[in-house]
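Okay, structure first, notes after.
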Amino acid sequence: REKFLAKLPPNSIAILRAAPMRTMSNDVEYLYRQDSDFWYLTGIEEPETIAVFRPSAEDGKRYVLFVPSRDRRRESYVGPKVGPAEAVAAYGADAAFSTDEFADRLSRYDPASRTYAGFLAGVEKVYLSDGTDSAWAGTLRERIAAMRARDAGPSTLVDAREDIHELRVVKDANEIALIRRASEIS
């Protein structure tokens, strides 16, 4: 994560979305597989999660997670999940919130002062990886376009995967050991 944050320019932000659940038929879902880039940077295997990387965060919260709120009824069927209260300790984030708060924390418009507040305020470049969830990405792009319409939004939207893939090419000692072990097994 630190290497990725170091690659991001000042006044930028990276927003990564976990891969969505895919429905096979009616209420049957495919076996879940996390987006490789998202997993590489976060180690999180849960769907519906959003990671925000802020290299120039004034409040010191450079790695922020948005995770689904806990649903005890659903957890009784699928098993326990990590909610916003547990996400900081479980995943090493600087802050964690419910995914329901994502849009508001990203950008809020104040009609009285005609200014924006939130994570996108003052940002010039957005690095985006949508986890193959094009509907979610479209909603985010619309939000950024609304900011741009008021001359307040980020001017550039970049695919974050290129920078992540550059980091993934170079292996550390642990990754090399895992590759060697996998080769021995096969």
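Counting from 1, the numbers follow the sequence of the chain as shown. The model shown is predicted, which means the values in this text are computed figures rather than measured ones.
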(message) Could you measure the distance from the CZ atom of R168 to the CD atom of E175? Nearest 0.5 Å is fine.
(response) 9.0 Å
(message) On a heavy-atom basis, which atom in A146 and which in Y116 lie closest, and how many Å separate them?
(response) O-OH, 3.6 Å
(request) Return the set of residues passing side-chain hydrogen bond (donor to acceptor under 3.5 Å, both in side chains) with D133 (not counting sequence neighbours), or none when no residue passes. (result) R17
(message) Hydrophobic cluster membership, with links at side-chain heavy-atom distances under 4.5 Å among I/L/V/M/F/W/Y: are L157 and L140 in one?
(response) yes
(request) Verify side-chain contact (heavy atoms from CB on, under 4.5 Å) between I44 and W39, making sure each step is shown before the conclusion. (result) CA-CA 6 Å; I44 300 171; W39 189 85; 5.9 Å; no
(message) Testing V52, I15, T49 one by one against F66 for a side chain to side chain contact (heavy atoms under 4.5 Å, CB included), which residue passes?
(response) V52
(message) Closer than 3.5 angstrom, by distance alone: can the side chain of Y91 be matched with the main-chain N or O of L65 as a donor-acceptor pair?
(response) no
(message) Would R150 and Y109 count as a cation-pi pair here, with the cationic atom under 6.0 angstrom from the ring centre and within 45° of the axis?
(response) yes
(request) Evaluate side-chain contact (heavy atoms from CB on, under 4.5 Å) for R22 paired with E29, printing each intermediate quantity in order. (result) CA-CA 6 Å; R22 302 285 184 201; E29 296 171 335; over 6 Å; no
(message) I'd like to know if F38 and L167 are part of one continuous hydrophobic network [Ile/Leu/Val/Met/Phe/Trp/Tyr, side-chain heavy atoms within less than 4.5 Å].
(response) yes
(message) Could you tell me if E75 and Y77 have a donor-acceptor pair between their side chains, going purely by distance under 3.5 Å?
(response) no
(message) One thing to verify: whether E45 and R33 come together as a salt bridge, which I'm taking to mean a side-chain N less than 4.0 angstrom from a carboxylate O.
(response) no
(request) Step by step, work out the side-chain contact (heavy atoms from CB on, under 4.5 Å) result for V64 and K61. (result) CA-CA 6 Å; V64 180; K61 293 179 170 89; 4.1 Å; yes
(message) Under a 3.5 Å distance rule, please check whether T23 uses its side chain to pair with a backbone N or O of S25 as donor and acceptor.
(response) no
(request) Over all heavy atoms of both residues, which pair between P84 and V67 is shortest? Give the atoms and the distance, please. (result) N-CG2, 3.4 Å
(message) So which atom in Y32 and which in A18 form the shortest heavy-atom distance, rounded to 0.1 Å?
(response) OH-CB, 4.0 Å
(message) To check you understand the geometry: which heavy-atom pair defines the closest contact between R161 and D159, and what is its length?
(response) NH2-OD2, 2.6 Å
(message) Using a 3.5 Å distance criterion without hydrogens, assess whether the side chain of Q34 forms a donor-acceptor pair with backbone atoms of E46.
(response) yes
Could you list the donor-acceptor pairs under 3.5 angstrom formed between side-chain atoms of residues 92-102 and any protein atom two or more places apart in sequence or on another chain?
residue: D94; atom: OD2; partner: R62; partner atom: N; Å: 2.9
residue: D94; atom: OD2; partner: Y63; partner atom: N; Å: 2.9
residue: S98; atom: OG; partner: S69; partner atom: OG; Å: 2.9
residue: S98; atom: OG; partner: D100; partner atom: N; Å: 3.1
residue: E101; atom: OE1; partner: R105; partner atom: NE; Å: 2.9
residue: E101; atom: OE1; partner: R105; partner atom: NH2; Å: 3.2

Identify each donor-acceptor pair in which a side-chain atom of residues 117-127 lies under 3.5 Å from a protein atom, sequence neighbours left out, and give them as a table.
none

(message) Grouping I, L, V, M, F, W and Y whenever their side-chain heavy atoms are under 4.5 Å apart, do L5 and I13 come out in a common cluster?
(response) no
(request) Assess whether atom NZ of K3 is packed by more than 12 heavy atoms of other residues, nucleotides or ligands within 6.0 Å. (result) no
(request) Examine V158 and L128 and state if one hydrophobic cluster contains both, with Ile, Leu, Val, Met, Phe, Trp and Tyr joined whenever side-chain heavy atoms are less than 4.5 Å apart. (result) no
(request) Taking S12 for its side chain and L8 for its backbone only, find out whether a donor-acceptor pair lies under 3.5 Å. (result) no
(message) Can you confirm whether more than 12 heavy atoms, excluding those of R148, are under 6.0 Å from its CZ atom?
(response) yes
(message) Between K81 and D71, is there a side-chain heavy-atom distance shorter than 4.5 Å?
(response) no
(request) Determine the minimum heavy-atom distance between E48 and P68, stating which atoms define it. (result) CB-CG, 3.4 Å
(request) Give, for atom OG of S129 and atom CZ of F53, the distance between the pair rounded to the nearest 0.5 Å. (result) 10.5 Å
(message) Check this for me: E184, atom CD, are more than 12 non-hydrogen atoms of other residues, nucleotides or ligands nearer than 6.0 Å?
(response) yes
(request) Could you walk me through whether L16 and L41 pass the side-chain contact (heavy atoms from CB on, under 4.5 Å) test, one step at a time? (result) CA-CA 9 Å; L16 284 73; L41 287 177; 3.6 Å; yes
(request) Locate the shortest heavy-atom distance separating S56 from P10; write the atom from each residue and the value. (result) OG-CA, 3.4 Å
(request) Indicate, with yes or no, if M147 and W136 share a hydrophobic cluster defined by side-chain heavy-atom contacts under 4.5 Å among Ile, Leu, Val, Met, Phe, Trp and Tyr. (result) yes
(message) Are more than 12 heavy atoms, taken from residues, nucleotides or ligands other than I185, located less than 6.0 Å from that residue's CD1 atom?
(response) yes
